[in-house]
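Here's the structure we're looking at; comments come further down.
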Amino acid sequence: MKVLRQVFFIAVGFGFFAPKLPVVAASPAHPNFSKDLRADEREYFFKLYQDTWKYFDRFAEPITGVSYDSSARQPATSISNIGFSMAAAAVAYRTGLIPRREARRRIRRSLEALEKIEKWRGFPVPWILVRTLKRVHGDQFSYASHLSVLIGGLVVTKAALPETSERIRRFLGPMRFRDLYDPKTGWFRGGYDMKTNNFSVFQPWGHWYYKHFASEVRLLSFYAIATGQVPAEHWKALLRPKIKIEGKKVMASGYEEAGLGVPYLTGLFLDERRKAVG
């Protein structure tokens with residue numbers, strides 16, 4: 001539920017309010033709300049939009065400014081949550097929920113935290129302790145899905161608050177996206193091992209690659225291609241198997257029990273409504 005609430009907030013902010021619009025006061029009467037919604041539906045979604053922002057406002061660690069992974073305030077959080085919270089602050093400013101100075105304060109603290117987190121090949125490790133920013137969950141980890149959402153949050157922040165662009169550019173600069181790509185398979189290499197400073201492709205259960213199109217890793221693929229660090233052939237190489245759910249064919253995400261969140265997350269940052277995955 002926590003993830004769905006975060007997802008909805010950013011979807012509302014950048015689905016109903018175009019990022020290039022001037023700052024506006026968010027309201028259910030705003031003309032950029034979908035014309036397909038009834039008045040009572042607009043009112044409901046607007047209240048949900050406001051309520052979801054309260055999560056980011058309330059569940060940020062005072063010491064580091066980093067968002068908790070859930071309202072239970074568990075000690076660990078992910079860089080996905082940092083990406084979500086940065087995008088949420090940018091959207092809250094652009095839609096009039098918070099002033100610009102407050103958005104800048106929150107985003108500055110997020111960037112300060114990201115700069116302190118341990119790195120591998122220029123990338124921040126995916127899971128850290130909220131209060132100390134130290135790495136958790138061992139030497140081997142899955143990185144691509146968390147990195148994908150973080151990149152989305154950083155790009156949204158740059159679009160909404162151009163004054164953050166230079167600092168974000170310096171943070172993104174050392175990231176070695178080319179290292180993720182395996183030209184032999186056309187996919188991103190799976191996992192990472194801090195002890196060997198290498199990827200964890202070879203596993204007892206088989207070869208580990210991020211190879212499915214209908215997953216949140218699709219955003220990472222798009223960014224790496226768009227910035228010229230990975231060839232466009234990577235996009236075509238991603239697998240698109242179809243499965244049937246409740247009588248309808250959909251693209252399989254490649255992950256078990258992940259639900260609709262996995263293929264949907266990229267749609268928060270890219271307009272895919274008229275694409276096959278949409």
Side-chain angles (χ1 to χ4, degrees), residues 1-19 21-110 113 130 146 149-150 152-157 159-161 216 219 258-271 273:
M1 178 60 71
K2 181 267 305 182
V3 171
L4 290 178
R5 288 164 67 82
Q6 292 181 346
V7 162
F8 181 77
F9 175 79
I10 301 173
V12 169
F14 271 76
F16 294 152
F17 299 92
L21 289 175
V23 177
V24 295
S27 74
H30 192 275
N32 281 317
F33 268 96
S34 173
K35 301 295 191 299
D36 297 329
L37 296 176
R38 302 190 309 268
D40 61 324
E41 291 174 328
R42 295 184 189 186
E43 180 69 24
Y44 170 77
F45 285 129
F46 176 65
K47 288 180 178 178
L48 183 58
Y49 169 62
Q50 290 178 307
D51 185 53
T52 305
W53 166 249
K54 293 177 184 178
Y55 175 86
F56 294 97
D57 188 40
R58 181 176 178 184
F59 292 103
E61 168 54 45
I63 296 174
T64 60
V66 171
S67 291
Y68 280 92
D69 189 54
S70 75
S71 56
R73 297 181 188 269
Q74 296 158 327
T77 194
S78 72
I79 58 174
S80 293
N81 292 319
I82 298 177
F84 275 132
S85 64
M86 290 182 69
V91 171
Y93 152 63
R94 292 305 297 264
T95 56
L97 289 186
I98 61 174
R100 190 186 192 102
R101 64 180 180 277
E102 176 63 13
R104 292 176 64 180
R105 183 188 70 82
R106 291 173 179 271
I107 290 165
R108 184 185 70 252
R109 298 204 70 195
S110 292
V130 178
H146 299 290
V149 176
L150 176 62
L154 289 168
V155 172
V156 165
T157 299
L161 294 158
E216 62 267 63
L219 181 61
L260 289 173
V262 167
Y264 176 71
L265 279 175
T266 295
L268 301 178
F269 303 100
L270 296 178
D271 186 354
R273 287 173 292 181

If only atom types and distance count, is the side chain of Thr77 paired as donor or acceptor with the main-chain N or O of Val130 below 3.5 Å?
-> no
Looking only at non-hydrogen atoms, find the nearest pair between [X] and [Y] and report the distance.
{"X": "Phe56", "Y": "Ser67", "value": "CD2-OG, 4.0 Å"}
{"X": "Arg109", "Y": "Glu61", "value": "NH1-O, 4.3 Å"}
{"X": "Tyr55", "Y": "Asp69", "value": "OH-C, 3.6 Å"}
{"X": "Ala89", "Y": "Ala103", "value": "O-CB, 3.7 Å"}

Salt bridge (Lys or Arg N to Asp or Glu O under 4.0 Å) filter on Lys54, not counting sequence neighbours, yields none
Set of residues satisfying salt bridge (Lys or Arg N to Asp or Glu O under 4.0 Å) with respect to Glu102, sequence neighbours excluded = Arg105, Arg106
Residue pair [X] / [Y], side-chain heavy-atom distance below 4.5 Å:
{"X": "Val156", "Y": "Met86", "value": "no"}
{"X": "Val155", "Y": "Phe269", "value": "no"}
{"X": "Val66", "Y": "Ile82", "value": "yes"}
{"X": "Arg100", "Y": "Leu161", "value": "yes"}
{"X": "Leu265", "Y": "Leu268", "value": "yes"}

Without hydrogens or angle criteria, can the side chains of Arg73 and Tyr68 be said to hold a donor-acceptor pair below 3.5 Å?
-> no
In a check of side chain to side chain contact (heavy atoms under 4.5 Å, CB included) between Trp53 and each of Leu48, Val91, Thr95, Ile98, which one passes?
->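 Per the side chain to side chain contact (heavy atoms under 4.5 Å, CB included) rule, the option paired with Trp53 is Ile98, out of Leu48, Val91, Thr95, Ile98.
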Residues that Ser110 engages under side chain to side chain donor-acceptor pair (under 3.5 Å), provided they are two or more places apart |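 In terms of side chain to side chain donor-acceptor pair (under 3.5 Å), with neighbours along the sequence ignored, Ser110 is linked to no residue.
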Look up atom [atom1] in [X] and atom [atom2] in [Y], then write down how far apart they are to the nearest 0.5 Å.
{"X": "Thr52", "Y": "Asp57", "atom1": "OG1", "atom2": "CG", "result": "12.5 Å"}
{"X": "Ile107", "Y": "Tyr93", "atom1": "CD1", "atom2": "OH", "result": "10.0 Å"}
{"X": "Asp40", "Y": "Phe45", "atom1": "CG", "atom2": "CZ", "result": "10.0 Å"}

Verdict with reasoning, Leu97 to Tyr49, per side chain to side chain contact (heavy atoms under 4.5 Å, CB included) = CA-CA 10 Å; Leu97 289 186; Tyr49 169 62; 3.8 Å; yes
